[in-house]
Amino acid sequence: MPDDRVRLFTALWPDSAVRARLAAESDAWQWPPRARRVAAAKLHLTLHFIGAFARDGVDALAAALAAVEPAPSALRATRRELWRGGIAVLLFADDAALAALHAAVGAVVAGFGVALDPRPFSPHVTFARGARGAAPPLPPPELAWRARGFALVESAPGGDYRVLRAFGGADDAPR
């Protein structure tokens, strides 16, 4: 990616207790050797993938996102799925506060010329990619998460995440 562009997304970040439960949930799957698991420190719920964005516009985007006032979201895991392409996920029930946050953040991002994903929002945490043949644990998931805020995150070269700004009390966002 050219130096004048950064790769961005917005996301909910779990606090350390929820992150540990998400990691345990991921560990309970049976993974094929080729599965590329998401490191526990990177587990999150993406609100909007922004993609390549002008570096000199990040401050303006962050300032606009700061106007979004998130209400706490009461998230409840509902099921595990293996999506097309071998993407292993934990899905969460619809939550009115989360839906409102997704819409508000989407409106801000779209205002900066970013094309939003046309698919319906499906709140989930990705555990692995390239995981065809993975087997989730049998009992239904029992995981609740009270999210208080969100973050604007850069997906840096090498796969590292760097939080550029946290909003509304985002929990334990990596810095």
For this session: Test side chain to side chain contact (heavy atoms under 4.5 Å, CB included) on Leu61 and Leu164 and set out the steps.
Result: CA-CA 11 Å; Leu61 175 61; Leu164 302 178; over 6 Å; no

For this session: Show your working on side chain to side chain contact (heavy atoms under 4.5 Å, CB included) between Val38 and Phe127 and close with a plain yes or no.
Result: CA-CA 5 Å; Val38 175; Phe127 287 146; 5.8 Å; no

Exercise. When you look at Leu90 and Glu25, which way does the side chain to side chain contact (heavy atoms under 4.5 Å, CB included) test go after all the steps?
Worked result: CA-CA 9 Å; Leu90 179 65; Glu25 172 72 27; 4.1 Å; yes

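Across Phe167 and Ala62, no two heavy atoms sit closer than the pair CE2-O, 3.4 Å. Between Ala41 and Trp13, the closest heavy-atom pair is O-CZ3, 4.2 Å. Between Pro72 and Ala97 the shortest heavy-atom distance is O-CB, 3.3 Å. Residues Arg146 and Ala74 share a closest heavy-atom pair of NH1-CB, 4.2 Å. Between His44 and Lys42 the shortest heavy-atom distance is ND1-O, 2.6 Å. The minimum heavy-atom distance between Pro14 and Leu43, with the atom names listed, is CD-O, 3.4 Å.
Residues meeting the ring-ring contact (aromatic ring centres under 6.0 Å, His included) test with His102, sequence neighbours left out: His48, Phe121. Remark: Arg37 pairs with Asp27 by the salt bridge (Lys or Arg N to Asp or Glu O under 4.0 Å) rule, at least two apart or across chains.
Evaluation of the salt bridge (Lys or Arg N to Asp or Glu O under 4.0 Å) test over residues 46-66, restricted to residues two or more places apart or in two chains, returns none. Evaluation of the salt bridge (Lys or Arg N to Asp or Glu O under 4.0 Å) test over residues 118-142, restricted to residues two or more places apart or in two chains, returns Asp117-Arg119. Sorted by first and then second residue, the side chain to side chain donor-acceptor pair (under 3.5 Å) pairs with a member in residues 81-93 read Arg79-Glu81, Glu81-Trp83; sequence neighbours excluded.
Hydrophobic clustering, with ILVMFWY side chains joined whenever heavy atoms are under 4.5 angstrom apart, keeps Phe92 apart from Ile87. Each of Leu22 and Leu91 belongs to its own hydrophobic cluster when Ile, Leu, Val, Met, Phe, Trp and Tyr are linked at side-chain heavy-atom distances under 4.5 angstrom. In terms of hydrophobic clustering, with Ile, Leu, Val, Met, Phe, Trp and Tyr side chains grouped at heavy-atom distances under 4.5 Å, Leu82 and Val89 are assigned to different clusters. The hydrophobic clustering, which links ILVMFWY residues whose side-chain heavy atoms are closer than 4.5 Å, places Leu75 and Leu143 together.
Of the inter-residue distances, the one linking His124 atom NE2 with Thr126 atom OG1 reads 3.5 Å to the nearest 0.5 angstrom. The structure places CD1 of Ile50 at 5.5 Å from OG1 of Thr10, a figure rounded to the nearest 0.5 Å. The OH atom of Tyr161 sits 12.0 Å away from the CD atom of Glu154 when rounded to the nearest 0.5 Å.
Trp31 places a side-chain N or O within donor-acceptor distance of the main-chain N or O of Ser26, the cut-off being under 3.5 Å. Distance alone, capped at 3.5 Å, places no donor-acceptor pair between the Arg7 side chain and the Ser155 backbone.
Between Val114 and Leu8, every side-chain heavy-atom pair lies at or beyond the 4.5 Å cut-off. Looking at Trp145 and Val125, their side chains come closer than 4.5 Å, going by heavy atoms from C-beta outward.
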Show me, pair by pair, the donor-acceptor contacts under 3.5 angstrom made by side chains of residues 103-111, not counting sequence neighbours?
none

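Taking the centre of each ring, Phe9 and Phe49 stay at or above the 6.0 Å mark.
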